[in-house]
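Numbering of ligands and ligand atoms starts at 1, following listing order.
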Amino acid sequence: MATDLSIPKNTIAILQKYNFNFQKKFGQNFLIDSHVLDKIIQAADINQEDFVLEIGPGIGTMTQYLCRYAREVAAVEIDKNLIPILNETLSDYQNVEIIHKDILKTDLIHLVQQKNSGKPIKIVANLPYYITTPIIMGLFENHVPAHSITVMVQKEVADRMQAEPGSKDYGALSLAVQYYARPQLVANVPPNCFMPRPNVGSAVIRLTKHQAPPVSVEDESLMFRMIRASFNQRRKTLANGLNNAGNIPASKEQIQKSILSLGVPANIRGEALTLEQFAALSNRIRHIS
Ligand code: SAM
């Protein structure tokens, strides 16, 4: 019988057995709290029909839980030193494949096709914080078929994902996440639930993918260019931010006219605009060009 890693002393024992050294560059903070693991599994709503992708299994603590609840699990881990450990800690389970790869270089569309006939999967992870945004945006922008993404992230990132217009946390990440999914905070998680302890607070957030985008956008790339341009220059008005960007196909006068046509003041800042208003503005600017 393989070691039950929901018991923290077993985590220490396995790390010692393999003489494992934590790699800061891989964002390695392993979960050692079984209550948090229960909350993640519950929020992800895993059942016997699910194919689950776990990003960064570490020593396999959450993977053991996933294997018990899901039909099949694929766990993608970058650190070669963790692979022999995972082979041992997951040896009781026949429904898991350990994939030694960088998640950012893994063809996930192919994986979903191969393992789940292309049907939507569930994604669960205690993410490496140094690449949270590229991982999440990669999943969305590459249209990886997924019902939901339930992840541990830095608390501050969870706040930004759910932020509403006008708040200090509202920005390009809020709009991008909310365009693709509905964010729900599941739990705040203090540093003492990890080994080693991170020096930031963490939170579990569930992102439930929209079946269809919540707003109608004719040119997604233009809308996201406009969003980035307005938040890159937060202190400027929306009109100046868009005009200075150099990649918005409209003159300053056309931008100003389009902003006014939304029924908002000409000197409004990007941080006050809703997703619907960014979508409407990008549709107007597209028709100018
Ligand atoms: N899931 C484990 C847990 O909760 O205890 C470990 C979580 S730890 C925060 C992040 C994990 O992601 C580490 O195992 C790390 O080696 C792995 N990782 C980091 N960068 C990665 C990448 N680019 N691709 C795949 N795994 C990565």
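By the 4.0 Å heavy-atom criterion, K101 is counted among the residues contacting ligand 1. For the ligand labelled ligand 1, residue M62 lies outside the 4.0 Å heavy-atom shell. Using a 4.0 Å cutoff on heavy atoms, L127 counts as a contact of ligand 1. Using 4.0 Å as the threshold, K105 has no heavy atom nearer than that to any atom of ligand 1. Every heavy atom of Y129 sits 4.0 Å or more from the atoms of ligand 1. Contact annotation: L82 has at least one heavy atom less than 4.0 Å from an atom of ligand 1. At least one heavy atom of V76 lies less than 4.0 angstrom from ligand 1.
Salt-bridge formation is not detected for the pair R71/E49: no Lys NZ or Arg NE/NH1/NH2 atom is positioned less than 4.0 Å from an Asp or Glu carboxylate oxygen. Comment: K17 engages E88 in a salt bridge, judged by a side-chain N to carboxylate O separation of less than 4.0 angstrom. Between E97 and K115 there is a salt bridge, since a side-chain N of the basic residue sits under 4.0 Å from a carboxylate O of the acidic one.
Heavy atoms of P57 found under 4.0 angstrom from ligand 1 belong exclusively to the backbone. Of all the heavy atoms of I131, the ones lying under 4.0 Å from any atom of ligand 1 belong exclusively to the side chain.
With hydrogens and angles disregarded, no donor-acceptor distance shorter than 3.5 Å links the side chain of N126 to the backbone of F30.
Atom numbering of ligand 1 starts at 1 in the shown order; those under 4.0 Å from a heavy atom of E77 are 13 (C), 14 (O), 15 (C), 16 (O), 17 (C), 26 (N). Shown in contact with D102 at under 4.0 Å from a heavy atom are these atoms of ligand 1, numbered in order with element: 22 (C), 23 (N), 24 (N).
No N or O atom of D79 sits closer than 3.5 Å to an N or O atom of ligand 1. Distances between N or O atoms of N29 and those of ligand 1 include no value under 3.5 Å. Taking any N or O of G58, backbone or side chain, at least one lies under 3.5 Å from an N or O belonging to ligand 1. The shortest N or O to N or O distance between Y130 and ligand 1 is below 3.5 Å. Checked by distance only, ligand 1 and G56 come closer than 3.5 Å through their nitrogen or oxygen atoms.
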| task | Determine, stepwise, if the pair F140 / V177 fulfils side-chain contact (heavy atoms from CB on, under 4.5 Å). | result | CA-CA 8 Å; F140 287 144; V177 165; 4.3 Å; yes
| request: Go through F26 and Y130 one step at a time and tell me if the ring-ring contact (aromatic ring centres under 6.0 Å, His included) criterion holds. | output: CA-CA 8 Å; F26 289 145; Y130 74 109; 7.1 Å; no
| query | Would E156 and R160 count as a salt bridge (Lys or Arg N to Asp or Glu O under 4.0 Å) if you check the C-alpha gap in whole Å, the side-chain angles of each, and the deciding distance to 0.1 Å? | reply | CA-CA 6 Å; E156 178 208 306; R160 279 163 47 207; 3.5 Å; yes
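Nearest heavy atoms, Q28 versus Q23: OE1-N, 2.6 Å.
Within a 6.0 Å radius of NE2 in H35, other residues, nucleotides and ligands contribute 12 heavy atoms or fewer.
Atom 19 (C) of ligand 1 has its closest protein heavy atom at F26 O, 3.1 Å. Among all protein heavy atoms, the one lying closest to atom 21 (C) of ligand 1 is I78 CG2, 3.5 Å. Taking atom 24 (N) of ligand 1 as the reference point, the nearest protein heavy-atom neighbour is I103 N, 2.9 Å. Atom 4 (O) of ligand 1 has N126 ND2, 2.9 Å as its closest protein atom, hydrogens excluded (heavy atom only). Among protein heavy atoms, the minimum distance from atom 5 (O) of ligand 1 is reached at L31 N, 2.8 Å.
I259 contributes atom CD1, which lies 8.0 Å from atom CG of L273 (distance to the nearest 0.5 angstrom).
With F194 as the aromatic partner, R197 does not meet the cation-pi criteria of under 6.0 angstrom to the ring centre and within 45 degrees of the ring axis.
Note: F231 and Y170 have perpendicular aromatic rings, judged against thresholds of 30 and 60 degrees for the angle between ring planes.
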